[in-house]
Each structure stands twice: as C-alpha cells, then as structure tokens.
There are 2 protein chains.
Amino acid sequence: MTFSATVDQKPFAAAMAAAARLAARRTTIPILSHVILRGDAAGALAVSATDLEQALTQTVPCAAGAAGGVTAPAAPLAAFAAKADAGEPITLTMDGAMLTARQGRLRLRLPTLPLSDAPIFHDLPAGPDWEVDAAPFLERLKAIGAAASTEETRFYLNGVYLDLRQAPVMVATNGHILALDRLEDLTPPVGAPGVIIPNAAVTALPLVMAGQKRLDLRIGGERLAAQAHGLVFSTRLIDGRYPDYSRVIPADTPRAARVKKTALLRLLDRVSVIEEVDKESNNARIVRLTFSPGELTAGVKNRDGEESADACAAEVDGDEQRMGFNVAYLRAMAQSLSTASGDTLELRFSDALAPILLTVADDTPPRDRQRLRVIMPIRV
Amino acid sequence: MTFSATVDQKPFAAAMAAAARLAARRTTIPILSHVILRGDAAGALAVSATDLEQALTQTVPCAAGAAGGVTAPAAPLAAFAAKADAGEPITLTMDGAMLTARQGRLRLRLPTLPLSDAPIFHDLPAGPDWEVDAAPFLERLKAIGAAASTEETRFYLNGVYLDLRQAPVMVATNGHILALDRLEDLTPPVGAPGVIIPNAAVTALPLVMAGQKRLDLRIGGERLAAQAHGLVFSTRLIDGRYPDYSRVIPADTPRAARVKKTALLRLLDRVSVIEEVDKESNNARIVRLTFSPGELTAGVKNRDGEESADACAAEVDGDEQRMGFNVAYLRAMAQSLSTASGDTLELRFSDALAPILLTVADDTPPRDRQRLRVIMPIRV
C-alpha cells in the first residue's frame with residue numbers, strides 16, 4: 001500500500017468535514033466509517049466518502065503531487081484537519097499499514113484499509129448536463145423537502161419529486177401537507193424523466209454544495225449526480241412511482257384570506273405557549289384559526305383548562321370561518337414560502353374540512369402560482 | 001380566591017423565566033410546576049418558585065398595586081411573558097379559579113391552585129448579612145463547582161464547601177480532583193460556620209444573580225440565602241461533615257513545569273481527536289503527558305492502533321517525566337483557574353503516580369497561592 005500527499009489545511013479540512021458527515025460514525029463495517037484518499041491523474045487529492053446511498057468526492061489541490069490511495073477513519077482525520085493550524089500544509093504519509101498526518105509537531109497516526117476494500121463508487125450517470133443556479137435550486141429543494149414524508153410504509157413519498165416530464169416542478173407531500181414549486185426559469189434536458197430524490201440527499205445536497213454558484217446535474221441509471229467546482233455528489237434515487245400530485249391541489253377554493261407572513265408566524269408562535277394535542281392525528285399539536293372580517297384570530301385550548309388566544313389584521317372574504325390545523329405543518333408551510341416577491345400570504349379555502357391552498361398573494365390565478373402549499377385541516 | 005396585578009413586560013418576563021427554570025417541568029405534584037404570585041405590602045408583585053430545596057422570590061413593580069395571591073403553571077406563563085410585546089403592560093386577573101394574563105389581543109388563561117396549597121417558604125436565616133461583590137463570588141463558585149462530586153454515595157461531596165472557620169475558603173472535590181480558592185478579600189461575619197452548598201444551588205445562583213453588583217449572604221438553620229436588588233434566593237445546605245481537604249493538597253512537589261494556559265488547553269484539544277479509554281478509571285479518556293527540558297508533549301494512543309501527539313514550549317525543572325491524566329479533569333481544572341493575574345500555569349509534581357498541584361505561577365510558595373487545583377494521575 002502506498003500513498004502520500006501534501007495539502008493546505010483549509011481545503012483539506014473542508015473536504016474532510018463533508019466526508020466525515022457522510023461516513024457512518026458507528027458501524028459494524030469499519031470501511032463505512034472511512035474516508036477514501038486517492039491521488040488523481042492531475043496529482044490532486046480526491047477525498048471521497050459514501051454511505052452506499054450517497055457518494056461524495058472532493059478534489060483538494062496538492063503542493064507535491066498526491067500518489068497512490070488508501071482509506072482511513074474519517075472522524076479523527078476530519079477533527080485533526082479542523083484543529084490544525086490555518087495556512088500551514090499538512091503532510092500525509094504511509095508507514096506500513098498506518099497513515100500518518102503531520103503538521104509541525106502535531107501528529108495523528110491511523111490504521112488504514114486497502115483501497116480495494118472501499119465500496120464501489122457508481123459511475124456518473126450518462127447523458128447531458130443540466131446546469132442550474134445553485135442557490136435558488138438548493139433553497140427550493142430544502143423548502144419543498146419540508147413537506148416530504150418520513151414514514152417507511154410509503155417509501156416513494158420519502159423524498160422530493162423532481163418532475164421533468166413537462167415544465168419542471170419540485171413537489172413533496174406526506175399526505176397531510178403538500179409543497180410544490182414550479183421551476184419556470186429552468187429548462188431540463190429533453191427527455192429527462194421524473195425522479196424522486198431521497199430525504200437524506202435533500203438534506204445533504206444544500207450542505208455539500210453551500211457557497212457554489214452553479215450546479216451541473218445529471219440524471220440516469222437510478223442515480224442523480226450534482227457537480228460543482230471540485231465536487232461530485234451523487235445519490236441513489238427512490239425507485240417508485242410518485243402519485244399524481246395535481247389531484248391533491250384543491251381546485252375549488254372560493255374564499256380567501258390575506259395576511260402578512262410575519263404576522264401569521266408570530267400568531268402561531270404566541271398561542272403555542274400551551275399545547276392542545278389531537279390523539280386521532282398522531283398527537284399533533286393543534287391551533288384553531290378563526291377568519292372573520294378584518295382579522296384572523298388563533299387559539300389553543302386543552303383538557304387542563306388552559307387557553308391561549310391572539311389576533312392579527314387580515315383581509316378576509318365573506319363570513320366567519322373556523323378551522324383547525326396541525327400547528328407544526330401550518331408553520332412549516334408558511335415558512336417554506338419564500339416571500340421575496342412580497343410579505344402577504346393568501347390562504348384559500350372552501351369549508352372547515354377541505355384542504356386549504358397557501359400561496360404568496362399575487363395577481364395570477366391561485367392554482368397557477370409558482371409556489372403552492374396545501375394543508376389538510378384537522379376537525380376541532 | 002382573589003388576585004390582580006398590572007406589570008411591565010420586561011421585568012415580569014425576567015422574573016417568570018427564572019421562576020420557570022426552578023419550577024419542576026414534569027411532576028406528578030402539580031403545585032411544584034407552579035409559580036406563586038402575590039401582591040406584597042408595598043403593592044409590588046412577588047414572583048416565587050421553589051423545588052423544595054431551593055426557593056426564589058423576585059419583586060416586580062406594579063403600575064396599579066398588586067393584590068391577593070395565587071399559583072399558576074410556571075412554564076406557559078413564562079413563555080407568554082417572553083413572547084408578549086416589549087414595553088407594553090401585562091394585566092393579570094382572576095375569573096373564578098382561572099388566571100387570565102392579557103396584553104392587547106394576546107391572552108392566556110390558566111387554571112390555578114389556591115395560595116394555601118403552595119409549598120412552605122422557609123424564613124430567611126437569622127443573623128448578620130455578609131455582603132460580597134457578586135461577580136467574583138459567583139465566578140469562583142462556578143469555577144470551584146467544576147470539581148464537585150455527583151456520586152450519591154458520598155453526598156457530602158456533592159457541592160461546594162464554603163469554609164468560614166478561619167480565612168474563608170471555597171473548596172470542592174470528587175476524590176480525583178480538588179479545587180480550592182482562598183477568598184482573602186472577604187470577611188465573613190464572626191462565628192459563621194462552614195457550609196456545603198449543594199450542586200443545584202451552585203448552578204442556579206450564578207444564573208439567578210447574573211448582572212447583580214452586590215449580594216447579601218445569610219447563613220443559618222441549614223439554609224443559605226442570597227439577596228440582591230429585588231431578589232431573594234435560598235437553598236437548603238448539605239447536612240454533612242466535609243472531609244479535611246487540607247490533607248489532599250500535596251506538600252511535597254519538588255519539581256515544576258510552567259506552561260501557557262492557552263497552549264496547554266490547545267494541546268489537550270488537539271490530541272483528543274482520538275479516544276483512549278481507561279476501563280479501570282470509570283472509562284475516563286486518558287491523555288499522556290511527557291515533561292522534558294523545554295517542552296511538554298501530549299499524546300493519546302488506543303487499542304485500535306490510533307495515535308495522536310503534539311507538543312508546546314514549557315519551562316521544565318529536571319529530567320523527563322511521563323504521567324497520565326483523565327483529560328476531562330485536567331482540562332476542567334486548567335480552565336477553572338482564572339488567569340487575570342497571568343497566563344502561565346505551574347504544574348508541580350513529584351512522581352508519575354502522586355497528585356499534582358496546578359496553580360497560576362506567581363512568586364508565593366505554591367501551597368499558599370490563592371487558587372489551588374489538585375489532580376490525581378492515572379497509571380498509563
């Protein structure tokens with residue numbers, strides 16, 4: 001086994017931090033807690049990790065060319081790199097089956113496993129790159145991911161569906177809430193399918209790609225890959241059929257209430273000082289909303305006799321309407337609506353038990369808006 | 001039951017936050033999760049809580065005089081006060097057995113219990129006040145408390161011993177480490193005894209009294225009380241005999257090493273990227289130190305073959321000496337030494353297995369210094 005490299009502390013620490021996040025911390029299979037270090041053809045150091053579902057490779061420039069390859073425990077090497085002095089090089093050398101990382105008197109010696117033990121990294125999907133602006137794409141992925149299910153029985157809902165069959169759409173639902181963003185500014189490659197990105201990758205992608213300007217996406221072979229400067233992240237896709245989400249979006253919502261996003265979130269926060277739990281809805285914490293002319297009131301009351309209430313200004317069509325909601329869902333969906341285009345949310349509804357449509361208020365027909373959120377009420 | 005008060009949001013929220021911290025959150029005895037609200041003789045509102053060991057009363061000024069008294073669940077009322085608008089008054093009124101807190105449209109209604117159900121608050125200990133500067137007293141209490149035991153078998157070590165028999169001393173030990181501060185600038189009342197302040201109060205006092213300038217301490221009847229502007233905190237004392245701590249402080253430490261506090265802490269941090277666990281010492285994480293002319297090296301090595309090492313400059317008397325320590329204890333004791341008087345720590349030792357003396361280096365004889373820390377080595 002041969003390996004050597006000399007790297008700058010900063011990029012190596014960044015690459016190791018991301019690799020350590022992906023590598024398993026407690027596992028009975030030692031290799032899954034390891035990072036894979038490999039000199040690439042250009043003499044740079046490729047730092048890779050995988051949990052068999054996701055895989056990440058980052059390229060770190062080397063003063064002297066990196067040569068050979070090895071695997072080593074990710075967590076201590078990442079901690080070492082983070083605690084080493086900034087601006088000073090770190091040397092990595094082998095001594096038999098041991099890897100030594102060194103910076104001045106600071107030294108870490110770790111047992112290794114041969115490169116041949118490392119899990120297989122899938123080749124990048126074939127097919128054309130789809131280049132997107134990183135920040136808005138990742139923000140939307142995160143926002144939509146808030147509606148994804150985590151129940152294993154409906155595994156195909158445990159992620160974000162990127163529907164590329166027509167104008168691209170990102171959507172997620174857990175059966176109680178649905179979040180949908182139209183990616184009208186993006187043009188996917190012709191013939192790209194719809195894919196379900198698993199929750200773990202929905203969480204990891206924005207972390208791994210933070211600070212990047214552009215992403216090259218590639219889809220195929222049940223995998224999605226995202227590439228950026230010196231970074232390749234790929235994930236297995238969920239192998240399932242995503243349900244017809246368009247049927248969940250209520251068509252008939254004759255009434256509307258408009259309220260400031262900050263006022264709504266503040267209302268929910270202030271009445272949540274006590275808990276009202278609905279045993280039928282999986283112990284959801286409930287909030288009761290009352291829409292009435294000129295205002296929205298919120299309240300919670302529980303079996304201990306505790307009651308809270310607050311009100312804020314709202315533009316409300318028609319007569320008084322009372323509805324109950326899972327407060328966590330209502331808050332998450334309101335928060336997931338970016339309000340760069342304005343601070344006023346529109347809640348559209350028909351009666352107390354029909355799903356409501358939550359959007360940023362604008363002049364287009366509600367169902368055509370760029371960002372749609374659907375929330376099922378709870379009977380109170 | 002009658003009660004009413006109008007209070008400013010800010011002082012009421014602060015008083016409620018401290019009361020809620022003390023009140024039990026989950027308890028089968030509802031009254032222990034309640035705050036006690038009571039109009040005092042001057043028309044101010046007294047906000048009290050107790051966990052039967054500790055008790056706290058804070059006085060909040062009232063616009064209209066507070067009248068009567070009641071108890072209510074502390075946690076929701078504290079959350080309400082924190083989330084209410086700053087600068088606006090909060091009114092508290094009774095409606096049958098329910099307490100309503102109101103600020104504009106924001107409202108919280110809580111069930112109450114009669115004042116007669118509230119736990120008994122002990123009278124303040126009789127005897128003279130002992131006035132101390134709050135910040136240095138509380139900082140020392142916190143620093144010394146880091147050495148206290150939490151093992152129930154030796155309950156008399158589960159706190160900080162305030163020895164007032166001669167020149168006052170604060171001391172704590174868990175049998176492996178000992179921390180002692182001489183309070184040379186303080187003059188306790190004549191005839192004051194030595195008292196053991198329990199860990200819970202050692203933690204609570206600095207939180208409750210944060211920002212106060214002076215504390216009036218009073219000791220007696222198995223209780224200690226601390227009073228400051230609008231605040232009375234009292235705690236039961238540990239009813240036990242504190243061991244003769246002076247015997248633990250090593251008299252014979254012929255050799256010394258001097259090292260910068262920041263360099264020592266950095267050394268410990270950097271070699272702790274891997275763990276070496278000593279099963280005989282309750283799974284303590286070990287660090288190995290080697291004192292040699294001009295430098296101190298630290299290292300960790302474990303059964304997985306992992307090894308870390310680092311070194312820093314140190315002034316060392318005599319030949320090489322190797323010792324092992326519980327890294328958490330060594331770090332805690334070094335951190336607990338305030339270094340306002342200088343950044344250099346002195347470690348005094350005789351051999352690898354005898355307790356070491358850790359102090360801030362100065363010109364006085366080591367055992368006479370104001371702050372002493374003792375640490376038992378681990379055989380490595």
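Only a predicted model underlies this, so the values are computations on that prediction, with no experimental measurement involved. First the proteins, then the strands, lettered A, B, ... as listed; each starts at 1.
Contacts of B:Ser272 with chain A are absent, with no heavy-atom separation under 4.5 Å from either backbone or side chain. Interface remark: A:Asp85 contributes backbone and side-chain atoms alike to the contact with chain B (heavy atom separation under 4.5 Å). Neither the backbone nor the side chain of A:Arg102 comes within contact range of chain B; no heavy atoms are under 4.5 Å apart.
Atom CZ of B:Arg38 is surrounded by 12 or fewer heavy atoms from other residues, nucleotides or ligands within 6.0 Å. Crowding of A:Asp95 atom CG: a count of heavy atoms from other residues, nucleotides or ligands under 6.0 Å exceeding 12. Counting non-hydrogen atoms of neighbouring residues, nucleotides and ligands closer than 6.0 angstrom, the CG atom of A:Asn283 exceeds 12 such neighbours. Around atom NZ of A:Lys261, more than 12 heavy atoms belonging to other residues, nucleotides or ligands sit under 6.0 Å away.
Here A:Leu99 contributes atom CG and B:Glu306 contributes atom CD; the two are 11.0 Å apart, rounded to the nearest 0.5 Å. In this structure, CD in B:Gln103 is found 6.5 Å from CZ in A:Arg270, a value given to the nearest 0.5 Å. Residue B:Leu106 holds its CG atom at 9.5 Å from CG of A:Leu267, rounded to the nearest 0.5 Å. Within the model, atoms CG of B:Asp304 and CG of A:Leu110 stand 10.0 Å from one another, a figure rounded to the nearest 0.5 Å.
Between A:Leu108 and B:Ser308, the shortest heavy-atom distance links the atoms CD1-CB, 3.9 Å. When every heavy atom of B:Val273 is checked against every heavy atom of A:Pro76, the shortest pair comes out as O-CB, 3.6 Å.
Residues B:Glu295 and A:Arg105 meet the side-chain proximity criterion, which asks for heavy atoms closer than 4.5 Å.
Contact count against chain B (heavy-atom pairs under 4.5 Å) is highest for A:Ala309 among A:Ala309, A:Pro73, A:Cys312, A:Gly305. Heavy-atom pairs under 4.5 Å with chain B peak, among A:Val271, A:Val300, A:Asp310, A:Ile274, at A:Asp310.
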**Q.** side chain to side chain contact (heavy atoms under 4.5 Å, CB included) between B:Glu307 and A:Met98, intermediate numbers included
**A.** CA-CA 10 Å; B:Glu307 280 183 44; A:Met98 304 295 285; 5.9 Å; no
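Between B:Lys83 and A:Asp269 a salt bridge is recorded (basic side-chain N to carboxylate O distance below 4.0 Å).
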